[in-house]
S.K.: 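Following this message is one structure expressed as structure tokens.
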Amino acid sequence: MPDRLGPPLPQPLFEKLVIVGVGLIGSSLLRVARRKGLARVLVGVDRSMDVCARVRELDLADQVYDDAAAAVVGADLVILCTPVGAIGSVAEQIGPHLSAGAIVSDVGSVKGAVVASISPHLPAGVSCVPAHPVAGTEYSGPDAGFATLFHERWCILTPLEDADPKAVDAMNAFWSAAGSKVEVMTPAHHDLVLAITSHVPHLIAYNIVGTAADLEEVTQSEVIKFSAGGFRDFTRIAASDPTMWRDIFLHNREAVLEMLGRFNEDLAALQRMIRWGDGQGLYDLFTRTREIRRSIIEQGQETTAADFGRRTSPDAGSDQ
Ligand code: NAP
């Protein structure tokens, strides 16, 4: 199979890359950084000794630490890949140890709250260029990662207004070399867009799977046995990491509540159509929604393959 990532870069983009939190996203970044030669020295940091041991076994990094403050000394790029709720405390730990000229970034699925929690801890001369790779799977941990996770997926950068343009360009080059398509937007706009495209869909999946599990008149075994009729696809999303998703809803509260309000109004309209037998209304809506899927396929964000385009290879990432 041809290597979708292409050959390594002629020159590394960074001298010392530190990844804090070597889970699905952090380990995928280390893997693609090694394959593409994105940095001369790769450093992995995790608070969990088991994860550190696994990162050594998998040989994902040149150096492995359980102490983020010690790890970041001399780094020119630090990417925080912990759950959103932990990013502020990691920024506080590393702040005094960052070198002038360093770039601090993250991969959190929420941007406004992350920017607010990182910025107070960064010394002068350090640039903050937050990022969100819109790519993921429902699996966690260092074994779940793979080098092509970001390939042809969007990565959204949300630089602060006063960010050094050279740092923004450097992060753009980094994510492009990892295979991503890069877009820049404000943290607030990011949070609104992702609330409707990712956060509310996850909430709906958690809710519908929870409701089915609680139904008394339908047994659990029937829910599992007849799950092919749409429910199964919700269960994949509802299997996503509980810590990560708890943090997303707690840190993107306003945008999620805003989109949920709109969703509830539209659900009430659907309920009315069903009650009053408005077949045309239902048909019109379902025709419009079909078009949305067609556009997603046309833009290369999904395949036309049946079974919701899910493949059995580890490349079968979803957007989160
Ligand atoms: P993950 O697989 O659970 O990995 C997170 C890692 O961070 C774990 O090893 C965790 O250790 C470690 N960690 C937690 N707190 C830490 C701390 N204070 N210091 C050092 N390490 C710490 O999670 P993930 O799926 O990679 O997600 C990481 C980030 O990426 C999140 O902010 C998420 O919003 C974002 N993101 C995820 C996806 C996705 O699909 N998963 C997609 C895009 C963006 P413990 O196991 O000990 O807690």
Side-chain angles (χ1 to χ4, degrees), residues 18-32 43-56 58 60-61 64-72 78-95 97 105-115 117-118 121 130-146 149-151 153-158 175 178 180 187 190-191 193-195 197-199 201-202 205 236-252 256 314-320:
V18 180
I19 298 289
V20 184
V22 192
L24 168 73
I25 302 293
S27 73
S28 297
L29 273 176
L30 285 172
R31 285 177 170 98
V32 69
V43 181
V45 184
D46 207 283
R47 66 173 183 181
S48 150
M49 299 309 271
D50 288 347
V51 171
C52 288
R54 192 66 189 136
V55 174
R56 285 191 194 96
L58 293 168
L60 295 178
V64 182
Y65 288 79
D66 59 5
D67 174 8
V72 301
V78 179
I79 307 185
L80 309 181
C81 302
T82 66
V84 165
I87 286 178
S89 71
V90 176
E92 188 176 7
Q93 281 168 49
I94 64 172
H97 307 277
S105 185
D106 75 299
V107 293
S109 308
V110 172
K111 296 275 59 107
V114 161
V115 168
S117 69
I118 295 181
H121 305 297
H132 176 202
V134 189
T137 75
E138 64 275 31
Y139 300 109
S140 307
D143 285 282
F146 49 100
L149 177 63
F150 311 109
H151 186 70
R153 299 286 168 183
W154 286 101
C155 179
I156 301 172
L157 301 183
T158 62
W175 281 103
S180 293
H190 166 279
D191 288 352
V193 172
L194 268 292
T197 56
S198 171
H199 305 169
H202 274 77
R236 183 186 64 76
I237 300 175
S240 298
D241 188 73
T243 305
M244 168 179 157
W245 283 95
R246 176 202 62 197
D247 284 4
I248 288 174
F249 292 117
L250 295 181
H251 291 84
N252 197 20
V256 168
D315 285 11
S318 68
D319 297 335
Q320 311 225 347

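Keep in mind the model is a prediction, meaning the values are calculated, not measured. Remember, it's 1-based here, ligands and their atoms both numbered in the order they're listed.
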S.K.: Record the part of Asp106 in heavy-atom contact with ligand 1 below 4.0 Å; permitted values are side chain, backbone, both and neither.
M.R.: neither
S.K.: Mind checking whether Pro133 has a heavy atom under 4.0 Å from ligand 1?
M.R.: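 In this structure, Pro133 qualifies as a contact of ligand 1 - some heavy atom is under 4.0 Å.
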S.K.: OH of Tyr65: more than 12 outside heavy atoms within 6.0 angstrom?
M.R.: yes
S.K.: For Asp66 versus Met49, what's the shortest heavy-atom pair and its separation?
M.R.: OD2-SD, 3.2 Å
S.K.: Ignoring hydrogens, what is the shortest heavy-atom contact between Gly141 and Ser27? Give both atom names and the distance.
M.R.: O-OG, 4.1 Å
S.K.: Is the shortest side-chain heavy-atom distance between Leu60 and Arg31 below 4.5 Å?
M.R.: yes
S.K.: For ligand 1, find out whether one of its N or O atoms is nearer than 3.5 Å to an N or O atom of Thr82.
M.R.: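 N/O-N/O distance under 3.5 Å: yes.
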S.K.: Side chain or backbone of His132 under 4.0 Å from ligand 1, or both, or neither, by non-hydrogen atoms?
M.R.: side chain
S.K.: Under 4.0 Å from a heavy atom of Val107: which atoms of ligand 1 are those, numbered in the order shown and with their elements?
M.R.: 29 (C), 30 (O), 35 (C), 36 (N), 44 (C)
S.K.: Which heavy atom in Val90 sits nearest to a heavy atom in Ala68, and how many Å separate them?
M.R.: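 Here Val90 and Ala68 meet closest at CG1-CB, 4.4 Å.
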S.K.: For Ile248, is at least one N or O under 3.5 Å away from an N or O on ligand 1?
M.R.: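 Looking only at distances, the answer is no, because the N/O contact criterion of under 3.5 Å is not met.
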S.K.: Quick check on contacts: which atoms of ligand 1 are under 4.0 angstrom from a heavy atom of Val84?
M.R.: 32 (O), 34 (O)
S.K.: Taking only heavy atoms of Ser140 into account, list the atoms of ligand 1 that are under 4.0 Å away from them.
M.R.: 2 (O), 3 (O)
S.K.: Once you measure the plane-to-plane angle for Phe150 and Trp175, does it fall in the parallel (<30°), tilted (30-60°) or perpendicular (>60°) bin?
M.R.: perpendicular
S.K.: Between Ser240 and ligand 1, which part of the residue brings a heavy atom under 4.0 Å of the ligand: side chain, backbone, both or neither?
M.R.: neither
S.K.: Do the non-hydrogen side-chain atoms of Cys81 and Leu29 ever get within less than 4.5 Å of each other?
M.R.: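 The answer is yes, as the side chains (C-beta and beyond) meet within the 4.5 Å cut-off.
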S.K.: Does the N or O separation between Gly141 and ligand 1 drop below 3.5 Å for any pair?
M.R.: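 Yes; at least one N/O pair falls below 3.5 Å.
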S.K.: Check this for me - ligand 1, Ser48, N or O atoms closer than 3.5 angstrom, yes or no?
M.R.: no
S.K.: If you measure every N or O of Asp241 against every N or O of ligand 1, does any of those distances drop under 3.5 Å?
M.R.: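 N/O-N/O distance below 3.5 Å does not exist for this pair.
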S.K.: Are any non-hydrogen side-chain atoms of Leu80 and Ile118 less than 4.5 angstrom apart?
M.R.: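 They are in contact (side-chain heavy atoms under 4.5 Å apart), so the answer is yes.
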S.K.: Any non-hydrogen atom of Ala144 lying under 4.0 Å from ligand 1?
M.R.: no
S.K.: What part of Ser109, side chain from CB on, backbone N/CA/C/O, both or neither, has a heavy atom under 4.0 Å from ligand 1?
M.R.: both
S.K.: Which atoms of ligand 1 sit under 4.0 Å from any heavy atom of Thr137?
M.R.: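 Numbered from 1, ligand 1 contributes 40 (O), 41 (N).
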S.K.: Is there a side-chain contact between Val110 and His199 (heavy atoms, below 4.5 Å)?
M.R.: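 The answer is yes, as the side chains (C-beta and beyond) meet within the 4.5 Å cut-off.
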S.K.: Run the contact test for Cys81 against ligand 1 with a 4.0 Å cut-off on heavy atoms, strictly below, and give the result.
M.R.: yes
S.K.: Tell me which part of Arg47 gets within contact of ligand 1: side chain, backbone, both or neither, using heavy atoms under 4.0 Å.
M.R.: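 Arg47 to ligand 1: contacts from backbone and side chain alike.
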S.K.: To check you understand the geometry: which heavy-atom pair defines the closest contact between Thr82 and Gly21, and what is its length?
M.R.: CG2-CA, 4.2 Å
S.K.: Where the closest heavy atom to atom 14 (C) of ligand 1 is concerned, which of Gly21, Pro83, Gly23 has it?
M.R.: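 The residue whose heavy atom sits nearest atom 14 (C) of ligand 1 is Pro83.
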S.K.: Check Arg54 against Pro142 and note the closest heavy-atom contact, atom names and distance.
M.R.: CG-CG, 4.0 Å
S.K.: Do any nitrogen or oxygen atoms of Gly108 come within less than 3.5 Å of a nitrogen or oxygen of ligand 1?
M.R.: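 Gly108 vs ligand 1: no N/O contact under 3.5 Å.
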S.K.: Kindly give the heavy-atom pair with the smallest separation between Val18 and Ala71, and that separation in Å.
M.R.: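 Scanning both residues, the minimum pair turns out to be CG2-O, 3.6 Å.
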